[in-house]
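Since the structure comes first, as structure tokens, the remarks are kept for the end.
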Amino acid sequence: MLTPARIAVLVSGGGTNLQALLDAQRDGKMPHGEIVLVVSSRAGAYALTRAENAGVAARVLSPACGQKPFENELSVLLREQKIDLILLAGFTVILSAEFTKQWPRRILNVHPSLIPAFCGKGMYGLRVHEAALARGVKVTGATVHFVNEIPDGGEILLQKAVEIAPSDTPETIQRRVMEQAEWQLLPLAAERVCAEIVREKEQKND
């Protein structure tokens with residue numbers, strides 16, 4: 001019997017990418033992974049309601065207490081829940097090098113551009129799409145990458161391009177990138193890494 005990899009999803013806002021993951025899991029598109037925990041950096045984030053509706057345990061951990069206490073508390077929670085893979089889905093807290101090095105190739109982030117364009121510290125949400133419009137690019141998209149100590153600097157796993165129309169606003173680009181790229185790529189990447197985790201566990205048990 002397959003024991004799926006245990007997934008924690010870290011969020012800060014509405015949780016549209018979390019919903020895409022929950023939908024993919026419900027539809028059998030992530031057979032090697034199971035979302036068992038949602039952690040929000042912000043109380044009142046709608047992502048917490050999405051987790052509750054799906055019957056997934058949810059916690060609020062505020063970074064206001066400081067980076068180190070926040071990450072220490074997060075680490076304890078992840079260990080308690082025996083988490084195998086961390087997914088950053090609209091998570092606006094930049095994790096420290098000290099934290100990320102404990103999870104090599106086990107943290108995934110989705111970013112709303114074709115990295116290396118329009119990425120790095122301070123580039124998130126509508127800012128990314130505003131920058132793309134200001135630059136006049138004709139194609140944008142989304143990237144799923146492994147997380148390391150450099151913001152948006154980890155190895156790229158998947159990318160998908162999305163065209164920009166002359167009439168676009170940052171808001172319309174944001175919506176199209178989510179629908180056509182982010183919501184498709186993140187579950188796909190999660191399943192790929194979870195399958196690898198399950199395979200490694202099975203080899204250890206042989």
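The first residue in the sequence is number 1, and the count goes up from there.
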Heavy-atom side-chain proximity of [X] to [Y] below 4.5 angstrom:
X	Y	result
Tyr46	Leu18	no
Leu88	Leu95	yes
Val144	Asn109	no
Val76	Arg79	yes
Leu85	Arg6	no

Looking at [X] and [Y], what are the two nearest heavy atoms and their distance?
X	Y	answer
Leu48	Arg59	CD2-O, 4.0 Å
Val162	Ala181	CG2-CB, 4.0 Å
Glu149	Ala97	CB-CB, 3.3 Å
Gln102	Ser75	OE1-OG, 4.3 Å
Val93	Phe70	CG1-CE2, 4.0 Å
Pro112	His129	O-CE1, 3.5 Å

Could you tell me if [Y] and [X] have a donor-acceptor pair between their side chains, going purely by distance under 3.5 Å?
X	Y	answer
Gln159	Thr143	yes
Ser113	Thr140	no
Lys160	Gln184	yes

Counting only heavy atoms not in Glu200 (residues, nucleotides, ligands), do more than 12 fall under 6.0 Å from its CD? yes

Is it true that a side-chain atom of Arg50 and a backbone atom of Gly15 form a donor plus acceptor pair closer than 3.5 Å? yes

Go through it in stages, so that I can follow the logic: the residues are Asp168 and Arg176, the test is salt bridge (charged side-chain N to carboxylate O under 4.0 Å, His left out), and I'd like the CA-CA distance, side-chain angles, deciding distance and then a yes or no. CA-CA 10 Å; Asp168 266 328; Arg176 196 178 315 116; 2.7 Å; yes

Using side-chain contact (heavy atoms from CB on, under 4.5 Å) as the criterion, point out the one residue from Ile107, Leu158, Asp152 that pairs with His145. Asp152

Counterpart residues, side-chain contact (heavy atoms from CB on, under 4.5 Å), relative to Val137 (two or more places apart): Phe118, Ala132, Arg135, Ile164

Assess whether a salt bridge exists between Glu179 and Arg175, defined as any Lys/Arg side-chain N lying under 4.0 Å from an Asp/Glu carboxylate O.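 Yes, Glu179 and Arg175 are salt-bridged.
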
